[in-house]
Protein chains: 2
Amino acid sequence: MELPIKISQQSREPIYHQIENQIKALIASGQLQTGSPLPSIRALSKDLEVSVITTRRAYQDLEYQGFIQTLQGKGTFVADINPALKQEMKHDSVSQALSQAIDTAVQHNYSKKQIKELFQSLLDSRGDL
Amino acid sequence: MELPIKISQQSREPIYHQIENQIKALIASGQLQTGSPLPSIRALSKDLEVSVITTRRAYQDLEYQGFIQTLQGKGTFVADINPALKQEMKHDSVSQALSQAIDTAVQHNYSKKQIKELFQSLLDSRGDL
DNA sequence: TATACTGTGTATATAGATATAAACAGTATA
DNA sequence: TATACTGTTTATATCTATATACACAGTATA
């Protein structure tokens with residue numbers, strides 16, 4: 001079972017962190033339901049072409065945070081998460097991402113109008129929306 | 001002379017990289033003009049409460065990329081950069097930041113409408129714009 | 001029961017990021 | 001000329017991230 005996640009090697013964010021964030025997004029948005037199995041750490045490491053230690057680290061963090069649970073010999077499954085928490089996670093993550101992008105634009109001396117226009121044009125040119 | 005840059009310790013992006021990006025933004029947007037002096041690596045390290053090695057790394061990378069030049073004993077100065085290049089840098093950096101934020105929203109299954117609304121509300125609640 | 005998978009623990013190694021410290025060389029000013 | 005600044009070099013150290021490898025223990029299936 002493949003997860004729709006992608007790793008950017010040029011990003012300065014650690015790989016395991018990228019994996020974590022993307023799995024969280026899938027869970028928070030309901031694309032991964034409670035109880036559904038995740039790929040094994042070995043399978044995921046092959047998919048993403050990273051080492052098992054890296055995928056394992058991501059899963060460990062997610063488990064520590066309560067998003068997944070792993071059973072030795074069986075695998076790893078999405079945990080049961082309060083829907084209100086999911087909503088909050090969604091909102092927080094997306095808000096933070098957008099805010100940071102606005103920060104970057106402001107740092108570059110973009111006006112409100114310019115930011116809005118560029119954003120609109122980028123949003124409109126997305127083929128997946 | 002203090003630079004209006006801030007370091008986020010929780011960000012997973014290396015500190016020197018954060019410094020680089022923010023100085024680039026200042027140069028690209030004209031907030032730092034050709035020839036103007038940057039704070040010494042020691043002064044900057046004190047301002048930002050990071051080590052000299054870290055600020056030096058940022059300055060070295062910026063120099064390698066042609067944005068600044070340093071003279072031993074004198075200090076570090078903004079280089080002369082083609083205005084077209086500045087424009088391109090601005091546009092690329094801001095576009096990339098906004099695109100990545102949209103990616104995050106999409107990962108969280110946000111619709112175009114939701115993204116737009118959240119963005120608008122975040123933009124409107126900015127006190128600095 | 002053997003095989004193929006699962007997670008867990010451990011080891012070794014390398015690269016990157018960052019801290020602190022000291023010394024050297026160059027510049028500027030009182 | 002001494003002092004205070006500037007960048008440069010070097011050293012030591014620690015932590016983090018990631019790679020590869022191996023072995024152990026648990027589960028599932030043919």
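Residue numbers begin at 1 in each chain, while the letters A, B, ... track the order of the sequences. Model, not experiment: these values are computed from the prediction. Below, each value reflects all heavy atoms present in this structure, side chains not excepted, and no hydrogens, waters or symmetry copies.
- Taking 4.0 angstrom as the limit, A:Thr76 places a side-chain polar atom (N or O) nearer than this to OP1 or OP2 of C:dG7.
- What you find for B:Ala101 and A:Ala101 is that their closest heavy atoms are CB-CB, 3.9 Å.
- Place A:Glu49 and B:Lys74 on DNA chain D by their nearest nucleotides, and B:Lys74 ends up nearer the 5' end.
- The side chain of B:Thr70 contributes an N or O atom lying less than 4.0 Å from OP1 or OP2 of D:dT8.
- Between B:Thr54 and the phosphate of C:dA19, there is a side-chain N or O to OP1/OP2 separation shorter than 4.0 Å.
- As rounded to whole Å, 17 Å separates atom P of C:dG16 from atom CD of B:Glu13.
- Without hydrogens or angle criteria, B:Gln114 side chain to B:Ser111 main chain gives a donor-acceptor distance under 3.5 Å.
- Side-chain nitrogen and oxygen atoms of A:Ser40 include at least one within less than 4.0 Å of the OP1 or OP2 phosphate oxygen of C:dT6.
- Within the shown strands, C:dT1 is the pairing partner of D:dA30 under the Watson-Crick or G-U definition, both distances less than 3.5 Å.
- Here the side chain of A:Ile41 is nearest to one of C:dT18, D:dA19, C:dT8, namely C:dT8.
- Rounding to whole angstrom units, OH of residue A:Tyr16 and P of D:dC15 are separated by 15 Å.
- Taking atom CZ on A:Arg57 and atom P on C:dG9, their separation rounds to 15 Å, with Å as the unit.
- The side chain of B:Tyr59 contributes no N or O atom lying less than 4.0 Å from OP1 or OP2 of D:dG7.
- Remark on DNA chain C: of its neighbouring residues A:Ile53 and A:Gln72, the 5'-side contact belongs to A:Gln72, judged by nearest-heavy-atom nucleotide.
- When rounded to the nearest whole Å, the span between CD of B:Gln9 and P of C:dA17 equals 15 Å.
- For A:Arg42 and C:dG7, a side-chain-to-base donor-acceptor distance below 3.5 Å is present, hydrogens and geometry of angles not being considered.
- Taking atom CG on A:Leu71 and atom P on C:dT8, their separation rounds to 9 Å, with Å as the unit.
- Remark: A:Arg126 engages B:Asp103 in a salt bridge, criterion side-chain N to carboxylate O under 4.0 Å.
- Put simply, the side chain of A:Thr55 never gets that close to the backbone of A:Leu44: no donor and acceptor are under 3.5 Å apart.
- C:dG16 is paired with D:dC15 under the criterion used here, namely a Watson-Crick or G-U wobble arrangement in which both key atom distances are under 3.5 Å.
- Contacts of B:Arg56 with the nucleic acid, taken as non-hydrogen atoms under 4.0 Å apart, include base atoms.
- The CD-C1' distance, from B:Gln69 to D:dT8, rounds to 17 Å in whole Å.
- The pair B:Asp47-B:Lys6 does not count as a salt bridge, with every side-chain nitrogen at least 4.0 angstrom from each carboxylate oxygen.
- In the model, A:Gln100 has no side-chain atom that pairs as donor or acceptor with a side-chain atom of B:Gln100 under 3.5 Å.
- Nearest-nucleotide positions on DNA chain D place A:Val50 closer to the 5' end than the other of A:Gly73 and A:Val50.
- For the pair B:Glu63 CD and D:dG7 P, the computed distance is 11 Å after rounding to whole Å.
- The separation between A:Phe77 atom CZ and D:dT27 atom P is 12 Å, rounded to whole Å.
- In this model, no side-chain donor or acceptor of A:Arg12 finds a partner on the base of C:dG16 within 3.5 Å.
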